[in-house]
Structures are given as C-alpha cells and as structure tokens.
Number of protein chains: 2
Amino acid sequence: MDSTINDGRALQRLLDELGRLPGIGPKSAQRIAYHLLEADAEEARRLAMAILEVKQQVHFCPVCFSYATRDTCDVCADVSRDRSSICVVSEPRDVTAIERTGSYHGLYHVLGGVISPMDKIGPEQLHVRELLSRLADGSVSEVILATNPDVEGETTATYLSRVIRPLGVRVTRLASGLPVGGDLEYADEVTLGRAIEARQEV
Amino acid sequence: MDSTINDGRALQRLLDELGRLPGIGPKSAQRIAYHLLEADAEEARRLAMAILEVKQQVHFCPVCFSYATRDTCDVCADVSRDRSSICVVSEPRDVTAIERTGSYHGLYHVLGGVISPMDKIGPEQLHVRELLSRLADGSVSEVILATNPDVEGETTATYLSRVIRPLGVRVTRLASGLPVGGDLEYADEVTLGRAIEARQEV
C-alpha cells in the first residue's frame, strides 16, 4: 500500500473526496467519515479495495457495451438468455434496473448515451453501428427500445426504429406507464416490469 | 497496491461495501458505484487512498481524546486557544460541530460516550478520570458541559457537575435552545453558537 506522508490533513481529504460523490452533502460526508473512523480497519480497507478493484476490473463488454468484469458481461455470457431479442438502453445502469424486474430474459445493447443535438451527440457518437451489426445475421427477431421516456430518449427510439425496421426486425418500445419525463433508473421494479410486459410495436 | 484475483464480483462488492455506510441505501450505493465507474481512475484512487490514510493516520489525542493526526489534536496543539476553559463533549464529531460555530476558543475533552446504565456504561467506561486530572493543577477555571440535551446527556452532565464543582471550578451547561431530545451534531451553527454564548452555570 503506497501511502503519502502524514500532513495532518487525512480527515479533511476524506471529507473532500466523499463530498464529490453524488447525493453526498457535507453532513453526509461527515457522518460517513466518522463512521469509517469508528469502524474497524478491515471494513475501511474492504471499501477502499472495492473502489480500486472496480476501476481495475470493470470494463465495457465488447458485445453489448454494458459493464463487464470478465471478457463479456454476465448477460452476454449467460447461455440461458434468449438470444433472439435485444433490449436497447442508454446507460449500463439501465441494464441493472431492467434485470431487477426479472421480467426480461433476452440480451442488451447499451448505446452509451442518447441522441442530443444540443450536446452534439448523434447516432455516430453512440454504439448504433455495433447494434446494427448484431442484427445482421438475422438471429435477432425483436429489438426493445428502452431509452428513457423523455425528449432525447424518444428521439433516439424514433431514430432507431426507423433504421432497424427495414431490416425486418420487430421493434418495440417500453409501454408508457413510466412517468413521462421520468428516469428509467429510478422506476420501481413493478412499474418497470409492467412496462416491459406491455411493450408495444412502434 | 495489493489486489485480489478477478472473480467477476468487483461491482457487487463495491455495492455491498457502500451499502454498509450510514445513510446509504441500495439506490444511493448504486448511484455512487456508477459515478465511480464513470469517474476517471485518479478520482477513485484519491477516495480509496483517503479512506486508507484516515485509518492509518488518525488516532485519539492523548490529552482530550478527540481525533488527532499528529501527536495531539489541532486544538490541543494550538497555543492561541484559551487553556482556562474545557468544553466536555460525548464524541469527537461534537468537537467539529462546536468548532464550526466559531463561538468557542477554549479546549475540549471527549468523554467517548455518555453514562448509560442500560448499556452498562458508567463514568469508569468514559474518559472522566482523565478529565479530572486535567483539572488538578488549577489552570482550568471553567468546564462547559456540552453533552446532548437528551436523557443520557443530561444524566452525564449532572454527574460531572457533581464531581467537578467541589474542585472549585465553574461548571456551565450549554443553554437550552437546542431542541430537547435532539442531537448536538445536527444543530445548525447559529443555534449552537447562541447556546454556547448563553451557557448557564449548573
């Protein structure tokens, strides 16, 4: 373990770093810092190692661009998954959200974002080409567009349905039922599960 | 950096460890984990190192039993502090809360808990003996009892005032104004600052 010299600022440094995390304000950072100070050294070490390992070991799956710790992600590697359907999402966290529902047993494809002219993000900045090449061999019969039900998500879904339908692949969209303008990541399991079951052709 | 073999569970391990932190539920743990996955490796490394260093470098001050990164804590080491008054608190985090107010310029003494018969914690389980020995040389003219305004905090304050007053030392208590049953750690700076200024002899 390489360690810096003791400059007497260790606690402040921890508070600063914790404060950078999403949803962690100064008071939460302090509660966590004091918790770690009171916790046994092993618990703190496990957390630190978990942070380092996740950066060392987690990379993008070369097939679906979700997070993977082995060659491909757990879903792509799972022979029991239905390989005739691909669920297209914006971010890896959306895969986790859908997996939690237990309502979907096919494969995924992570775009790595959504079409957003404002941010100069078009199809070529996303993993669209890779999606189309996965559809080339005709083994996939359905593509479920599971981008968020907001403006950019809808734009992206509309664009994808337009380029995929010509390939003779059934294109569906998550049923609305998700609060419009809401974020798929925060939808509860039941709502999201229903939205998958009631998906409609677009 | 000693690292474990890649067992494909790095992300789950991080979620588990984050979930142990106070105020971090499954969704928050996930948001933080994905933030770290998306953050550059250096930010994640800084957080991990800060956690490890805080455990390596922070210990209890041998004088006041607050947290210290050098031989004694920053307050005990600060020659500009008023050494004639000692503010007695339950936990090191209470020192931070009072320091934030900027209303107190004396020294501290951390008991390391409060008297609690239910949990079999009496004066001998706390740093009371060490407090009394700090009062022995007569250099301290006032002891401010800043335990929380709840049952155990009041019990502890009553006990301490009874053992300290005979030494001819002025014993004061934070003014009520703190919500009774509330927690000193979460009092806002203004309330806590006023409570210090309006402290009363007990």
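Below, read A as the first sequence line, B as the second, and so on, with proteins coming before strands; counting in each chain starts at 1.
Residues Glu42(A) and Lys55(B) form no side-chain contact, since every pair of their non-hydrogen atoms from C-beta on lies 4.5 Å or further apart. At least one side-chain heavy atom of Arg20(A) sits less than 4.5 Å from a side-chain heavy atom of Glu43(B).
Taking CG from Leu21(A) and CG from Leu36(B), the interatomic distance works out to 5.5 Å, rounded to the nearest 0.5 Å. Arg13(B) CZ to Leu47(A) CG: the interatomic distance, rounded to the nearest 0.5 Å, is 12.0 Å. Note that CG of Leu14(B) and CG of Leu52(A) are 10.0 Å apart. Values are rounded to the nearest 0.5 Å. One finds the CZ atom of Arg45(A) at 11.5 Å from the CD atom of Gln56(B) (value rounded to the nearest 0.5 Å). Distance check: Asp74(B) CG to Gln12(A) CD gives 10.5 Å after rounding to the nearest 0.5 Å.
The local environment of CG in Asp71(B) is sparse, with at most 12 non-hydrogen atoms from other residues, nucleotides or ligands closer than 6.0 Å. More than 12 heavy atoms of other residues, nucleotides or ligands lie within 6.0 Å of CG in Asp78(A), so this atom counts as buried by the packing criterion.
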In sequence, state the C-alpha distance, the side-chain angles, and the governing distance for Gln57(B) and Arg9(A), and then conclude on side chain to side chain contact (heavy atoms under 4.5 Å, CB included). CA-CA 9 Å; Gln57(B) 301 180 2; Arg9(A) 307 256 313 143; over 6 Å; no

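With a threshold of 4.5 angstrom between heavy atoms, Asp40(B) approaches chain A through N, CA, C or O but not through any side-chain atom. With a threshold of 4.5 angstrom between heavy atoms, Gln30(B) approaches chain A through side-chain atoms but not through N, CA, C or O.
The candidate from Ala68(A), Ser28(A), Ala39(A), Ala33(A) with the greatest count of non-hydrogen atom pairs under 4.5 Å with chain B is Ala39(A). Interface remark: of the candidates Arg93(A), Lys27(A), His35(A), Arg93(A) forms the most heavy-atom pairs closer than 4.5 Å to chain B. Per-residue counts of heavy-atom pairs under 4.5 Å with chain B were compared for Val54(A), Leu37(A), Leu18(A); the largest is that of Leu37(A). In terms of non-hydrogen atom pairs under 4.5 Å with chain B, the most contact-rich of Ala48(A), Ala41(A), Gly23(A) is Ala48(A).
What you find for Val58(B) and Ala10(A) is that their closest heavy atoms are CG2-CB, 4.3 Å.
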